[in-house]
Asker: 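Here it is, the structure, as structure tokens.
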Amino acid sequence: MGLKKDFVWGAATASYQVEGGAYEDGKGLNIWDVFCSEEGHIYENQTGDIACDSYHRMEEDVAIMKKLGLKAYRFSVNWARILPEGIGTVNEKGLQYYDRLVDTLLENGIEPYMTLYHWDLPYALHERGGWLNPESPEWFYEYAKIIAEHYSDRVKNFFTLNEPQCTAGLGYYTGEHAPGLKVSARDFFHLWHNLLKAHGRGVQALREFSKGPVKVGMAPCGALYIPATDSPEDIEAARKATFSLPENSVNAAIWDVAMCCDPVFLGHYPEDIMEQFGRYFPRITEEDMKLISQPLDFYGQNMYNAVTVKAGEDGKPVRVKRYDGFPKTAIQWPVTPECLYWAPKFLYERYQKPFFVTENGMSSHDWVSLDGQVHDSSRVDFLHRYLRELKRAAEDGADVQGYFAWSLMDNFEWAYGYSERFGLVYVDYQTQERIVKDSGNYYKEVIETNGENL
């Protein structure tokens, strides 16, 4: 038994990371446009103004996807391209860009998976308080309504928010990401609750205004845990760790999977979160929780690595120190393929939703070799190891529907600028030439055999 016959093999990108065209055709400013224009935020003061220039090279990029045999492409919409002020007047040229993208994908037999929000809030809404403003869920509803009315005749799969943990945690609490704020704990939990309500309003708009049946999910991230051994005690410790706070700090809460997913799928915040931080939350009503837990069709999780734990003497999870010389990617993230086995297993057990890995991949030290090719053997090995574990999770009963490699191509890696390369396709930022890497060709083989070669 292997993966489902109709397994969705895809790749993912985000609007600000690939599009460029930052000030063209009536697009409004977003928080990343402004954040990157100020010195000191981004590696070597780089910006996404041009990025991979996908705004002008979309057809070429879709041709590459077809060459790779992709069944699906997960991309995000730049909110300010559609609504320059975040609400109000619609920018027709913005709508037309995504029309062309969607139509070109469908012409090439590639299913569009549209993400409404991947961090690029319109700056006009930031000036009104951004996600701290209690009206923000209504802004998102208005935006999602336009998306549903315009694209749902062709797009059948939507994600509301990508990694709300990063939006709130890195954007508003640590200040590493746009808009670069460092708010109080109280403000953090207020805006977190607003974000989840915005997700709920987005789901409602997609259901209400779509022209036919659509499937809706969310794509969070979060801290994942794997057991040190296959003993029942260690497995239980890893399960516990996945859904509970490792320590009582706001930082730990940010990355707690249950703080995001329990409200969305189970209709309530976790007890340990409310015990520690309940005093910082706004007044939570039954209506709020009903809104946040709108029924979803699937669950997406972005996953790159995990922490290994074992059962302590009291059965509580204890972090296992990584051995000296533990393998790491170029961005210094640990290589832990087992997370693609244990995380889908634990998450499916708890939330009982068809499951997508919405991002997975690695940053590697890639360059063009003397033969004109990009030989990223470490990424080929990474994909092989991780996908083998995902296949095992599917065989062991997790309802795994699909996998989106991060990323289709090298792109603007947020605060890291262009210093990290995650792509299956190499991008020369001087010339915008694209070169399919060895990993892209390997992934093509995986898709052609539906993972039988893993």
Asker: Is Glu420 reaching over with its side chain to a backbone N or O of Gly417, donor-acceptor style, under 3.5 angstrom?
Answerer: no

Asker: Show your working on salt bridge (Lys or Arg N to Asp or Glu O under 4.0 Å) between Arg283 and Asp288 and close with a plain yes or no.
Answerer: CA-CA 9 Å; Arg283 193 174 70 82; Asp288 286 353; over 6 Å; no

Asker: Does the distance from a Lys or Arg side-chain N to an Asp or Glu carboxylate O, for Arg434 and Asp61, drop under 4.0 Å?
Answerer: yes

Asker: Please tell me whether Tyr418 and Tyr43 form a close aromatic pair, meaning their ring centres lie under 6.0 Å apart.
Answerer: no

Asker: For Phe298, which residues count as a ring-ring contact (aromatic ring centres under 6.0 Å, His included) partner, sequence neighbours excluded?
Answerer: Phe159, Phe356

Asker: Apply salt bridge (charged side-chain N to carboxylate O under 4.0 Å, His left out) to Lys321 and list each qualifying residue two or more places apart in sequence or on a separate chain.
Answerer: Asp324

Asker: How about Cys260 and Gln165: do any of their side-chain heavy atoms sit closer than 4.5 Å?
Answerer: yes

Asker: Locate the shortest heavy-atom distance separating Tyr299 from Cys261; write the atom from each residue and the value.
Answerer: OH-SG, 3.3 Å

Asker: In plain terms, say whether Arg201 and Glu142 are close enough for a salt bridge, that is, a side-chain N and a carboxylate O under 4.0 Å apart.
Answerer: no

Asker: Check for me whether the distance between the ring centres of Phe188 and Tyr280 falls short of 6.0 Å.
Answerer: no

Asker: Does a donor on one side chain and an acceptor on the other come within less than 3.5 Å for Asn302 and Thr358?
Answerer: yes

Asker: Answer yes or no: is there a donor N or O on one side and an acceptor on the other, between the side chain of Asp366 and the main chain of Asp376, under 3.5 Å?
Answerer: no

Asker: Flag the pair Tyr386 / Phe382 as yes when their ring centroid distance falls below 6.0 Å, and as no otherwise.
Answerer: yes

Asker: Using atom types as modelled, flag every donor-acceptor pair under 3.5 Å from a side chain in residues 330-347 to any protein atom, sequence neighbours excluded.
Answerer:
unit_1, atom_1, unit_2, atom_2, d
Gln332, OE1, Lys328, NZ, 2.9
Thr336, OG1, Ala306, N, 2.9
Tyr341, OH, Asp396, OD2, 2.6

Asker: Are any of the side-chain nitrogens in Glu149 or Lys145 under 4.0 Å away from the carboxylate oxygens of its partner?
Answerer: yes

Asker: Less than 6.0 Å separating the ring centroids of Phe355 and Tyr348?
Answerer: no

Asker: I'd like to know if the side chain of Tyr151 reaches the main chain of Leu95, judged simply by a donor and an acceptor atom lying under 3.5 Å from each other, with no hydrogens or angles considered.
Answerer: yes

Asker: Look at the aromatic rings of Trp79 and Tyr143 and report parallel, tilted or perpendicular, splitting at 30° and 60°.
Answerer: parallel

Asker: Could you label the plane-to-plane angle of the Phe189 and Phe281 rings as parallel, tilted or perpendicular, counting under 30° as parallel and over 60° as perpendicular?
Answerer: tilted

Asker: Within the side chain of Tyr113, is there an N or O that forms a donor-acceptor pair under 3.5 Å with the backbone of Gly10?
Answerer: no

Asker: Has Arg421 got its NZ or CZ under 6.0 Å from the middle of the six-membered ring of Tyr426, at an angle within 45 degrees of the ring axis?
Answerer: yes

Asker: Quick one: closest heavy-atom pair of Pro137 and Lys197, and the distance?
Answerer: CG-CB, 3.8 Å

Asker: What closest approach, in Å, do His193 and Pro282 show between heavy atoms, and which atom pair accounts for it?
Answerer: CD2-CG, 3.7 Å

Asker: State the CD-OG1 distance between Glu359 and Thr115, to the nearest 0.5 angstrom.
Answerer: 8.5 Å

Asker: Using a distance-only test with no angle check, is there a side-chain donor-acceptor pair under 3.5 angstrom linking Asn360 and Tyr403?
Answerer: yes

Asker: Shortest non-hydrogen contact from Ala219 to Pro164?
Answerer: O-CD, 4.4 Å

Asker: Can you measure from OG1 (Thr329) to CG (Asn305) and round to the nearest 0.5 angstrom?
Answerer: 8.0 Å

Asker: Taking atom CG of Leu70 and atom CG of Asn108, what is their separation to the nearest 0.5 Å?
Answerer: 11.0 Å

Asker: Could Arg81 and Asp120 be called an ion pair, given the rule that one side-chain N must be under 4.0 Å from one carboxylate O?
Answerer: no

Asker: So, are Asp399 and Lys4 salt-bridged, with charged N and O less than 4.0 Å apart?
Answerer: yes

Asker: Using the side chain to side chain contact (heavy atoms under 4.5 Å, CB included) rule, take Glu452 and Val446 through it: C-alpha gap first, then chi angles, then the decisive distance, then the call.
Answerer: CA-CA 7 Å; Glu452 289 304 316; Val446 173; over 6 Å; no

Asker: Strictly distance-based, threshold 3.5 Å: is any side-chain N or O of Ser407 a donor or acceptor partner for the main-chain N or O of Asp410?
Answerer: no

Asker: Taking the basic N atoms (NZ, or NE/NH1/NH2) and the acidic carboxylate oxygens, is any pair closer than 4.0 Å for Lys290 and Glu287?
Answerer: no

Asker: Which heavy atom in Met259 sits nearest to a heavy atom in Ala253, and how many Å separate them?
Answerer: CE-O, 3.5 Å

Asker: Name all pairs fulfilling the side-chain hydrogen bond (donor to acceptor under 3.5 Å, both in side chains) condition that reach into residues 253-265, sequence neighbours left out, sorted by first residue then second.
Answerer: Asp262-Arg350, Asp262-Tyr351

Asker: Distance check, rounded to the nearest 0.5 Å: Glu413 atom CD versus Ser419 atom OG?
Answerer: 8.0 Å

Asker: Between Ser364 and Ser378, does any side-chain donor sit less than 3.5 Å from a side-chain acceptor?
Answerer: yes

Asker: Got a salt bridge between Glu448 and Lys444, using NZ or NE/NH1/NH2 to carboxylate O under 4.0 Å?
Answerer: yes

Asker: Could you tell me whether the side chain of Glu163 and the main chain of Cys221 form a donor-acceptor pair under 3.5 Å?
Answerer: no

Asker: Please enumerate all residues that pass side-chain contact (heavy atoms from CB on, under 4.5 Å) together with Asp234, with sequence neighbours excluded.
Answerer: Pro227, Ala228, Thr229, Ser231, Lys310, Ala311

Asker: Go through the steps for Thr13 and Tyr73 under the test side chain to side chain donor-acceptor pair (under 3.5 Å), then give the verdict.
Answerer: CA-CA 8 Å; Thr13 63; Tyr73 178 47; 2.7 Å; yes

Asker: Measure across Val250 and Ala185 and return the closest heavy-atom pair with its distance rounded to 0.1 Å.
Answerer: CG2-CB, 4.0 Å

Asker: Within the 3.5 Å criterion, strictly below it, is a donor on Glu176 or Trp414 matched to an acceptor on the partner's side chain?
Answerer: no

Asker: Got Val257 and Gln301 here, is their nearest side-chain heavy-atom distance under 4.5 Å?
Answerer: yes

Asker: Which residue is it: Glu60, Lys66, Met58? I am looking for the one with a side chain to side chain contact (heavy atoms under 4.5 Å, CB included) to Val62.
Answerer: Met58

Asker: Pair Tyr117, Trp119 - check ring pair (Phe, Tyr, Trp, His ring centres under 6.0 Å), show working.
Answerer: CA-CA 6 Å; Tyr117 187 72; Trp119 311 353; 8.7 Å; no

Asker: Suppose the criterion is side-chain hydrogen bond (donor to acceptor under 3.5 Å, both in side chains): which pairs have a residue in residues 206-226, not counting sequence neighbours?
Answerer: Tyr141-Glu208, Arg207-Asp297

Asker: Between Trp131 and His126, does the ring centre distance come in under 6.0 Å?
Answerer: no

Asker: Would the Tyr172 and Trp192 ring centres measure less than 6.0 Å apart?
Answerer: no

